[in-house]
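One structure below.
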There are 2 protein chains.
Amino acid sequence: MGDVFKALADPTRRHILDELAERDDQTLFEICVRLTTKYQVTSSRQAVSQHLELLEAAGLVRTRREGRYKFHTIDTSPLEQIAERWIRTKPQENP
Amino acid sequence: MGDVFKALADPTRRHILDELAERDDQTLFEICVRLTTKYQVTSSRQAVSQHLELLEAAGLVRTRREGRYKFHTIDTSPLEQIAERWIRTKPQENP
DNA sequence: ACTATAGGCAAGTGACAGCTTGCCTATCAA
DNA sequence: TTGATAGGCAAGCTGTCACTTGCCTATAGT
């Protein structure tokens, strides 16, 4: 669970999630091109690849292999619980 | 906004928020004691102090000075928007 | 005034994160 | 088969992070 927060802590990874939220099923090269053109992210291919590994390890990105292409998909299910961890717990609650 | 994610990326800071969610208005020393007894966090006073600075800079903790005591309060308002950034955005939306 | 308590400031250290570089594998088209 | 494309592996570098250490300030009690 801490992996999700660490994954979200980097601005480049947040841009990757932004991009995958707009358009799913993108390859590594497609993501690289769109990061540079739309978000002015100048990271290399290997850097983006390592970010995608981390996002996949955190459960935020799922991958699907097809021939020599590897498509990446966003998975928002880990995000749906994390914020409520502290929001729901009010002070002076004593069961 | 990225400060919020970076603040949440550290397990000790998440424990601090857990503790402040349970009991508000705690001093630095109170937080230190409770971190060690309840969460087995062995950080020093200065380490916890630096974590609280970071949490305050991220807007997750508010402080109030009273004499030589400084009370810390959790503020969950930054958390209420962050997760929805990617959850709300569905693919194939084209305005 | 003096001592203890609550907290702050700043330099230093060890470890890890993000990134690059270079080379390698696998798939597809010609 | 050959060349080009998509991606992976691994070592190395650099900056940042979490933490410690030592000293300092300020408030409260006696």
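Proteins get letters first, then strands, A, B, ... in listed order; numbering begins at 1 in each.
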Exercise. Is B:Ser43 near enough to D:dC19 that one of its side-chain N or O atoms lies under 4.0 angstrom from OP1 or OP2?
Worked result: yes
For this session: May I have the distance from A:Phe5 (atom CZ) to D:dC17 (atom P), rounded to whole angstrom?
Result: 18 Å
Exercise. Taking N and O atoms by type only, does the side chain of A:Arg45 place a donor or acceptor under 3.5 Å from a partner on the base of D:dG8?
Worked result: yes
Seminar exercise, completed: Among C:dG7, D:dG8, C:dG18, the one nearest any side-chain atom of A:Arg65 is D:dG8
Exercise. Less than 3.5 Å between a donor and an acceptor, one on the side chain of A:Glu66 and one on the base of C:dT27, is that the case here?
Worked result: no
For this session: May I ask you to evaluate whether B:Ser49 reaches the phosphate of C:dG8, defined as a side-chain N or O under 4.0 Å from OP1 or OP2?
Result: yes
Exercise. Taking only N and O in the side chain of B:Lys70, is any of them less than 4.0 Å away from OP1 or OP2 of D:dA26?
Worked result: no
Problem set entry | Backbone N/O of B:Glu30 and side chain of B:Thr27: donor-acceptor pair under 3.5 Å | yes
Exercise. Is the backbone N or O of B:Leu8 less than 3.5 Å from a side-chain atom of B:Arg14, with the two atoms forming a donor-acceptor pair by type?
Worked result: yes
Problem set entry | Whole angstrom value for the distance that separates C1' of D:dC17 from CD of B:Gln46 | 17 Å
Exercise. Within the distance-only criterion (no hydrogens, no angle test), does the side chain of B:Arg85 pair as donor or acceptor with the backbone N or O of A:Asp18 below 3.5 angstrom?
Worked result: no
Exercise. Backbone N or O of B:Val33 within a donor-acceptor pair of the B:Thr37 side chain at under 3.5 Å?
Worked result: yes
Exercise. Among C:dC19, C:dA6, C:dA11, which nucleotide sits nearest the side chain of B:Gln50?
Worked result: C:dA11
Seminar exercise, completed: A:Leu54 CG to C:dC16 P, in whole Å, measures 15 Å
For this session: Indicate whether OP1 or OP2 belonging to D:dC19 is found under 4.0 Å from a side-chain N or O atom of B:His51.
Result: yes
Exercise. With a 4.0 Å cut-off on heavy atoms, is B:Leu52 in touch with a base, just the backbone sugar-phosphate, or nothing at all?
Worked result: nothing
Exercise. Roughly how many Å is it from CZ in A:Arg68 to P in C:dA29, rounded to a whole number?
Worked result: 7 Å
For this session: For B:Leu28 and for A:Tyr69, find the nucleotide of DNA chain C with the closest heavy atom, then tell me which residue's nucleotide is more 5'.
Result: B:Leu28
Problem set entry | Short side-chain N/O contact from A:Ser44 to OP1 or OP2 of C:dT20, under 4.0 Å | yes
Seminar exercise, completed: Checking D:dG8, D:dG7, D:dA18 against the side chain of B:Asp10 (C-beta onward), the nearest is D:dA18
For this session: Grab the CZ-P distance between B:Phe29 and C:dA4 for me, whole Å please.
Result: 14 Å
For this session: For the pair B:Arg34 (side chain) and B:Leu20 (backbone), establish whether a donor and an acceptor sit closer than 3.5 Å, ignoring hydrogens and angles.
Result: no
Exercise. For the hydrophobic clusters of this structure (ILVMFWY residues joined by side-chain heavy atoms under 4.5 Å, transitively), does one cluster hold both A:Val61 and B:Trp86?
Worked result: yes
Exercise. OP1 or OP2 of D:dA18 less than 4.0 angstrom from a side-chain nitrogen or oxygen of B:Arg13, does that happen here?
Worked result: yes
Seminar exercise, completed: Out of D:dC17, C:dA6, D:dA18, minimum distance to the side chain of B:Lys6 belongs to D:dC17
Problem set entry | For atom CZ of B:Arg64 and atom C1' of C:dA6, their distance in whole Å | 15 Å
For this session: Send over the distance from A:Gln26 CD to D:dA6 P, rounded to a whole Å.
Result: 14 Å
